[in-house]
Amino acid sequence: MGALHEGHLSLARSQNDKVVASIFVNPAQFAPHEDLSKYPRTVERDIEMLGKEGVDAVFLPSVEEMYPAGIVLDVKDQQGTFVEVKGKSHQMEGQIRPHFFRGVATIVTKLFNITLPTRAYFGQKDAQQCAVIRSMVRDLWMPLSIIVAPTIRESDGLAMSSRNVYLSPSEREAAPILYKALSEGVNLFQSGERRRSELISAVEEVVKGEERVQLEYLSLADPFLLGEVDVVQDGVGAIFSGAVKVGKTRIIDNVLLGIGREQWVE
Ligand SMILES: Nc1ncnc2c1ncn2[C@@H]1O[C@H](COP(=O)(O)OP(=O)(O)OP(=O)(O)O)[C@@H](O)[C@H]1O
Ligand SMILES: CC(C)(CO)[C@@H](O)C(=O)[O-]
Ligand code: BAL
């Protein structure tokens, strides 16, 4: 969606003959009360950065091209064709942003159909998005591979995100708490804890210790099916994710428990 940072550039740095980057702030994935109009747009700078990375083409479609039947923010009035991935879109991020994944699956399908990639790269930061897109590609026999790249972080652990520019200096100071808390969950897991109740309450306690931040949700879920788990099973593992609000800005993040990134991304 542009306003590029090192996380995006890491995706562009792939070993391929040709690399296409798309920049499109997709209205269909924003709810009417969300930040579509103020989402940061820095296209000139983005193109320059992608050029320096050796990207071969930048695809910058208009809303009219991508949504020829028009686009309205209220999904009930929407015309045209949309893609829905059932079973993985309603929980976690989907519970807070009910039509988010429908917008994502639809635009990603269009971007794939136009650019015809052999591989498409997504960041682990948006873990549920990766799971939804993988399911869509498998279910619809889309002829490409999905590659999930590691989350790139600031030196204090905050996951890079275009929305971090919204943070005031004090909010920016508080924002790394979600990753710090999830990292506590990793420590606890590594010391042998497998129970949801204990893992969630340890992470919750850390987040609640930072009064500038409000917890939206924590999720301890099966890494592939995305159903919540009571106990993390050895050999299956879990994805521990959450969202907080720092002032008006939403921050999401996740860590994997008991499953290597390599196993999860394949
Ligand atoms: N810190 C990061 N590390 C790795 N990949 C990332 C990172 N941030 C974003 N990405 C990935 O870049 C792709 C484009 O994401 P997008 O343009 O929505 O950026 P974003 O920074 O996540 O924005 P926002 O936080 O506003 O949602 C997605 O696949 C996303 O997962
Ligand atoms: C996948 C995506 C490009 C769809 O607009 C967006 O959700 C993103 O950048 O993470
Ligand atoms: N990176 C996810 C895009 C969004 O939050 O709209």
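Counting convention: from 1, in listed order, for ligands and their atoms alike. Just the heavy atoms: all of them, side chains too, but no hydrogens, waters or symmetry mates, feed the values below. Residue numbers start at 1 and run along the sequence shown.
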Is it the side chain (CB and beyond), the backbone, both or neither of Leu111 that lies under 4.0 Å from ligand 2, heavy atoms counted? neither
Without swapping roles, check the side chain of Asp46 against the backbone of Gly2 for a donor-acceptor pair under 3.5 Å. no
Should the proximity of Met160 to ligand 1, defined as any heavy atom under 4.0 Å, be assigned to the side chain, the backbone, both, or neither? both
Below 3.5 angstrom, do we get any N/O pair linking Ala159 and ligand 1? no
Closest non-hydrogen atom pair between Asp17 and Asp56, with its separation: O-OD2, 3.9 Å
Numbered atoms of ligand 3 (with element) below 4.0 Å of Arg163, judged on heavy atoms: 4 (C), 5 (O), 6 (O)
Among all protein heavy atoms, pick the one closest to atom 29 (O) of ligand 1 and tell me residue, atom and distance. Gly123 N, 3.1 Å
Among non-hydrogen protein atoms, atom 26 (O) of ligand 1 lies closest to Tyr39 OH, 2.7 Å
Please state whether Pro150 comes within less than 4.0 angstrom of ligand 1, counting heavy atoms only. yes
min-distance protein heavy atom vs atom 30 (C) of ligand 1 -> Asp126 OD2, 3.1 Å
If you scan protein heavy atoms around atom 3 (C) of ligand 2, the nearest is Met1 CG, 4.6 Å
Indicate yes or no: does an N/O atom of His5 lie under 3.5 Å from an N/O atom of ligand 1? yes
Specify whether Phe112 and Phe122 have parallel, tilted or perpendicular ring planes, treating 30° as the upper limit for parallel and 60° as the lower limit for perpendicular. perpendicular
When you compare ligand 2 with Gln129, is there at least one nitrogen or oxygen pair between them that comes in under 3.5 angstrom? yes
Hey, is ligand 3 close enough to Gln129 that some N/O pair sits below 3.5 Å? no
Proximal atoms of ligand 3 relative to Met1 (non-hydrogen, under 4.0 Å): 3 (C), 4 (C), 6 (O)
For atom 4 (C) of ligand 2, what is the nearest protein heavy atom, given as residue, atom name and distance? Gln29 OE1, 3.3 Å
